Amino acid sequence: MNFNTIKKLSTIIFVLFLIDGCASKKDIIYNFDDNKTNLKNFKDISIQKGDILNIKVSALNPESTIIFQNEMPSINMTNNIDLMKITGYLVSESGNIEFPVLGTVSVLGKSTTKLEEYLQERLKKFVLDPVIQVRLLNYKVTVLGEVSRPGTYDFQEERVTLPQVLGTAGDLTINADRKNIVLVRNEGDKMFNTVIDLTSGDLTNTPYFYMNQNDIIYVNPNLAKVKSSGLVGNVGSLTSVLSLLLSLTILFTR
C-alpha cells in the first residue's frame, strides 16, 4: 500500500470521526421563543372518569355544613394527599359522584371551577352563603423513555407545563430526540397522540404546553442512540473498525 492510499484512508476516517462528533446546536437546545409565548392558551382541565375530588363546603355558620363534610374526624388531613384520597369523591365510570343531600351529581367534563359554581348554586337552599372548594387529588403524568428518572408523577396543582414535568423527571438525557416527543392524551373515551418538537420555539402556542391529568409522555431516543444498539450501528463504531483495518494494513505492508 503506497503513501497516497494511506493518506486517503486517513482522511476518510478523520471525516467520519468529525461527522460522529458533531451535533447541531438546534438538535440539543430547547427553544421557547418569548416573543411567541401566549399563556392564555391555558384552559381549565376537565374532570375525567376515575378522578378523585376533594370537595370542601364552608360557610359563616359551620354547623350548617357538617352534613357535607366528607372527612375522617379522628385523622389530621392537613397536607396529607394520600389520606385525602381515601375520603375523596371518586368519579364513577358513568361520570358521577354521590354527594350528601344532593345525591348523584354529574361531574364528567366539568372543570373544578365550574363544579364549584354548580354546587354553590345547588347548596344555597341548605346553607347560607356557601363557599365551595374543589380540588383534584390524583393529577398525575407519566414520563417514559430518554429521561433521567422515568416514572409516574403526582402534582398538586392543575396548571402544570410540559417543561415542569420533564424537569420533575430529571430532564432529557443526551440521547433524547428533542424533535420527537410523543404525547398520549385522553379526551373523553378517546385516546390520541401527537409529536412535539422542543426545538421549534412554538410550543407555548400549542394545546400541549399545559398538561392534562393522566397524560403520557414518551421521549424517543435519537438516531445515534438507535444506531449504537446494533453491532456496528453508528459512525463511531464504523470509524473504530476502519481505524483498526488501517493500522493492520500499515503494519503488514511495511
Side-chain angles (χ1 to χ4, degrees), residues 38-141 152-162 164-165 183-192 204-216:
N38 183 9
L39 299 183
K40 293 182 180 180
N41 284 332
F42 174 79
K43 62 179 181 179
D44 292 335
I45 62 174
S46 298
I47 296 172
Q48 302 177 3
K49 299 174 184 178
D51 283 347
I52 302 175
L53 306 176
N54 179 47
I55 302 177
K56 183 178 180 181
V57 181
S58 57
L60 291 177
N61 181 9
E63 293 182 357
S64 65
T65 66
I66 292 177
I67 193 173
F68 301 107
Q69 304 307 326
N70 192 29
E71 297 181 355
M72 296 179 180
S74 60
I75 299 178
N76 181 10
M77 308 293 290
T78 304
N79 294 329
N80 195 323
I81 299 298
D82 290 332
L83 290 177
M84 292 172 70
K85 288 179 181 178
I86 296 175
T87 60
Y89 294 91
L90 177 65
V91 181
S92 68
E93 282 300 309
S94 56
N96 302 320
I97 61 172
E98 296 299 322
F99 197 75
V101 181
L102 299 182
T104 302
V105 176
S106 177
V107 299
L108 188 65
K110 290 185 173 71
S111 66
T112 53
T113 301
K114 291 297 182 183
L115 182 56
E116 288 173 350
E117 295 173 354
Y118 173 81
L119 292 176
Q120 186 176 37
E121 189 63 29
R122 290 286 304 274
L123 293 180
K124 282 182 178 179
K125 64 174 68 175
F126 307 106
V127 180
L128 180 63
D129 297 329
V131 176
I132 315 296
Q133 292 178 314
V134 179
R135 183 179 179 184
L136 181 63
L137 297 177
N138 60 332
Y139 187 116
K140 59 183 181 292
V141 178
T152 298
Y153 296 92
D154 293 312
F155 296 90
Q156 297 184 22
E157 66 269 25
E158 295 181 7
R159 195 182 178 101
V160 180
T161 67
L162 176 57
Q164 283 178 297
V165 172
L183 170 65
V184 181
R185 175 168 291 178
N186 291 323
E187 286 191 353
D189 292 325
K190 296 182 179 180
M191 178 179 292
F192 74 95
T204 54
N205 281 323
T206 71
Y208 315 115
F209 182 68
Y210 290 100
M211 298 286 94
N212 284 355
Q213 75 272 40
N214 304 317
D215 276 352
I216 300 174

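Small disclaimer: the values here were computed from a predicted structure and weren't measured. When reading the values below, keep in mind they use all heavy atoms of this one structure, side chains included, and skip hydrogens, waters and symmetry mates.
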Could you check Gln164 against Met211 for side chain to side chain contact (heavy atoms under 4.5 Å, CB included), going step by step and ending with a plain yes or no?
CA-CA 9 Å; Gln164 283 178 297; Met211 298 286 94; over 6 Å; no
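- Not counting sequence neighbours, the partners of Tyr89 by the ring-ring contact (aromatic ring centres under 6.0 Å, His included) test are Phe99.
- Considering only heavy atoms from C-beta on, Tyr139 comes within 4.5 Å of Val160 through its side chain.
- Residue pairs meeting the salt bridge (charged side-chain N to carboxylate O under 4.0 Å, His left out) criterion with at least one member in residues 87-98, sequence neighbours excluded, do not occur.
- Atoms CG and OG, on Leu128 and Ser64 in that order, are 7.5 Å from each other to the nearest 0.5 Å.
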Starting from the C-alpha separation in whole Å, work towards a yes-or-no answer on side chain to side chain contact (heavy atoms under 4.5 Å, CB included) for Tyr153 and Val165.
CA-CA 8 Å; Tyr153 296 92; Val165 172; 5.7 Å; no
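- Side-chain contact between Ile67 and Val101: present, with at least one pair of heavy atoms (C-beta onward) separated by less than 4.5 Å.
- Here the CE atom belonging to Met84 is positioned 9.0 Å from the NZ atom belonging to Lys56, to the nearest 0.5 angstrom.
- Residues Asn214 and Gln48 have side chains that bring a donor and an acceptor to within less than 3.5 angstrom of each other.
- Partners of Asp129 by side-chain contact (heavy atoms from CB on, under 4.5 Å), not counting sequence neighbours: none found.
- Shown here are the side-chain contact (heavy atoms from CB on, under 4.5 Å) partners of Val184, two or more places apart in sequence or in another chain: Val182, Met191, Asn193, Ile216.
- Side-chain contact check for Tyr208 versus Leu162: every heavy-atom pair is 4.5 Å or farther apart.
- Scanning all heavy atoms of the two residues, the minimum distance from Pro130 to Ala59 falls at CA-CB, 4.5 Å.
- Under the 4.5 Å side-chain criterion, counting only non-hydrogen atoms from C-beta, Leu119 is in contact with Ile55.
- Judged by distance alone, with hydrogens and angles left aside, the side-chain atoms of Gln69 form a donor-acceptor pair with the main-chain N or O of Val57 at under 3.5 Å.
- Asn138 places a side-chain N or O within 3.5 Å of a backbone atom of Gly50 that can act as its donor or acceptor partner.
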One pair to check against side chain to side chain contact (heavy atoms under 4.5 Å, CB included): Phe192 and Glu187. What are the steps and the verdict?
CA-CA 8 Å; Phe192 74 95; Glu187 286 191 353; 3.6 Å; yes
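- Expressed to the nearest 0.5 Å, how far CG of Leu102 lies from NZ of Lys125 amounts to 8.5 Å.
- Using a 4.5 Å cut-off on side-chain heavy atoms (C-beta onward), Phe155 and Lys140 make no contact.
- Under the salt bridge (charged side-chain N to carboxylate O under 4.0 Å, His left out) criterion, Lys124 pairs with Glu121, sequence neighbours left out.
- Interatomic distance, CG of Asp51 versus CG of Leu108, reported as 9.0 Å (0.5 Å rounding).
- For the pairing with Leu136, the side chain to side chain contact (heavy atoms under 4.5 Å, CB included) check across Ile47, Ile45, Val91 returns one residue only, Ile45.
- Counting heavy-atom neighbours within 6.0 Å of Glu63 CD, excluding the residue itself, gives a total of 12 or less.
- Screening residues 107-117 for side-chain hydrogen bond (donor to acceptor under 3.5 Å, both in side chains), with sequence neighbours left out, gives Thr112-Glu158.
- Annotation: side chain of Tyr118 is not in contact with side chain of Ile132 (no heavy-atom distance under 4.5 Å).
- By the 4.0 Å N-to-carboxylate-O rule, Arg185 lies close enough to Asp215 to be salt-bridged with it.
- One finds the OG1 atom of Thr87 at 6.5 Å from the CG atom of Asn54 (value rounded to the nearest 0.5 Å).
- The structure places CZ of Phe126 at 7.0 Å from CG of Leu123, a figure rounded to the nearest 0.5 Å.
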